[in-house]
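Presented below is the structure to which this report refers.
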Amino acid sequence: MAQFPEHFRWGAGTYSYQVEGAANEDGRGESIWDRFCSIPGTILNNDTGLVACDHYHRYPEDIRIMQELGIHLYNFSIAWPRIVPTGRGKVNPRGFDFYDRLVDGLLEAGIEPYATLYHWDLPQALQDELGGWQSRETAYAFAEYVDIVSRHFKGRIHNWLTLNEPAVTAFEGHEDGIHAPGIKDARIAWQTSHHFLLAHGLAVPILRANGDEQTRVGITLNFTQIDPATQSPEDQAAARFLDGKLHRWFLDPLFRGEYPADVLSQLGELAPKTEPGDLEIIARPLDFLGANYYTRSLVTHSPTGSLSDFGSVRAEGSEYTEMDWEVHPRGIYTMLVRLHREYHVPQVYIVENGAAFADTVSEDGRVDDPRRIHYLREHLLQVHAAIAEGVPLAGYSVWSLMDNFEWSLGYSKRFGITYIDYPTQKRILKASGYWYRDVIAANGLS
Ligand code: IFM
């Protein structure tokens, strides 16, 4: 039996644009994802987040599912365009109503709200007026929004995560252009990465000042196990650079107050402009780090020598999910041990871990997803091993509570432990949901 520590916290997550829907209700402003999705051909099947899982209206049922699971915490994000529709200035009081009901409902159900302040739905007005995250001013606009939100929820939300996966939104949104706002410019992408970190650092003291003695502040980063496809010096160098770009570029400033020198020197002209004092702002002490882990990447070097078009190969004999992501459970252990030994993170939460599979509803109305159970089980065993190694891991949250809008892949990928029948919005707890419920009840797995 892999028994977890006594106060280990189990959770499940969703994020605003992926589940809420109600995109035009109660004064919500347009976000960059609304705009991006409205461009035909951008998103698979031209799906959008207009309705999504209708969590905005169906949250009471979703809270009941959380209660059935027995989770201790719910990871969700607050949509900036609901609260400040144009990003800066006028606050929309009706924008708080949904989150008030959600947070109060969670608290009544004994589930702790873990609120992420930014998961990719920037108010479109800031993109139009400032160029979005390529402008330093957006970081200051974020700080104002954080001030408004954290004052409002004082005493009700104690656990704050400033940003989720800044590396993904910086590079996939501004270098690859496959996420909103669809920019393809490496220089802009690196500049936005700095502004994300700056925005985070500006938010930290605001959250503390507006909170109370229970307030805890963190940020969530995404991690992939990055290995070279071969032992050739070129592939090894590519893997080292990618690890630098996706991991150390964010970890080093947050926990060491500096950008990694090897990445900086390779960037040359692409290096972001910074101002004196920025790194001190970014490196403000945190209470915990949120860490997301899904897969491994076997990297090949770029044939053109570019810093963006690396290749990858498939791992012989490995299982792959519907995302075409390798199932590589050991990577979550390696990541956790690294965060502990190299970065001395005060505390870690797994904020996301999970897998997309092609789930279907059987004739008797059940959703059997043995591959997801296997995936979660193998990862949890590695998480357990990391705790035994001394990693200060406080909790684990599965991605996701329910199937939802998977960005440029629309609704085609199902990550949930709850199945969503989109035409009827019916929720069906999958076999993995029942399995997770039992893990939580036992605080461990055999
Ligand atoms: O759905 C996403 C989520 O929004 C951010 N982390 C990865 C998940 C799966 O791709």
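Counting convention: from 1, in listed order, for ligands and their atoms alike. Note: hydrogens, waters and symmetry copies are ignored here, and every other heavy atom, side chains too, is used.
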Do any N/O atoms on Gln18 end up under 3.5 angstrom from N/O atoms on ligand 1? yes
Strictly below 4.0 Å, N to O, side chains only: are Arg256 and Asp252 in salt-bridge contact? yes
What are the atoms of ligand 1, with element, lying closer than 4.0 Å to any heavy atom of His119? 3 (C), 4 (O), 5 (C)
Please determine whether a side-chain nitrogen of the Lys or Arg among Arg414 and Glu406 lies less than 4.0 Å from a carboxylate oxygen of the Asp or Glu. no
Would you please classify the geometry between the Trp325 ring and the Phe415 ring as parallel, tilted or perpendicular, with 30° and 60° separating the classes? tilted
Against Ser150, only a single residue in Asn210, Ile157, Leu117 fulfils side chain to side chain contact (heavy atoms under 4.5 Å, CB included); can you say which? Asn210
Return a yes/no value for Trp120: is any of its N or O atoms, backbone included, closer than 3.5 angstrom to an N or O of ligand 1? no
What is the ring orientation for Trp10 with Tyr396, classed by angle as parallel under 30°, tilted 30 to 60°, or perpendicular over 60°? perpendicular
Of the options Asp34, Asp97, Asp121, which is the one that meets Arg28 in a salt bridge (charged side-chain N to carboxylate O under 4.0 Å, His left out)? Asp34
Using heavy-atom distances only, which candidate in Glu406, Glu165, Lys413 approaches atom 10 (O) of ligand 1 most closely? Glu406
Quick one: which ligand 1 atoms are inside 4.0 Å of a heavy atom on Glu352? 3 (C), 5 (C), 6 (N), 7 (C), 8 (C)
Check whether any N or O atom of Trp407, backbone or side chain, sits under 3.5 Å from an N or O atom of ligand 1, and answer yes or no. yes
Measure the distances from the heavy atoms of Tyr17 to every atom of ligand 1 and state whether one is below 4.0 angstrom. no
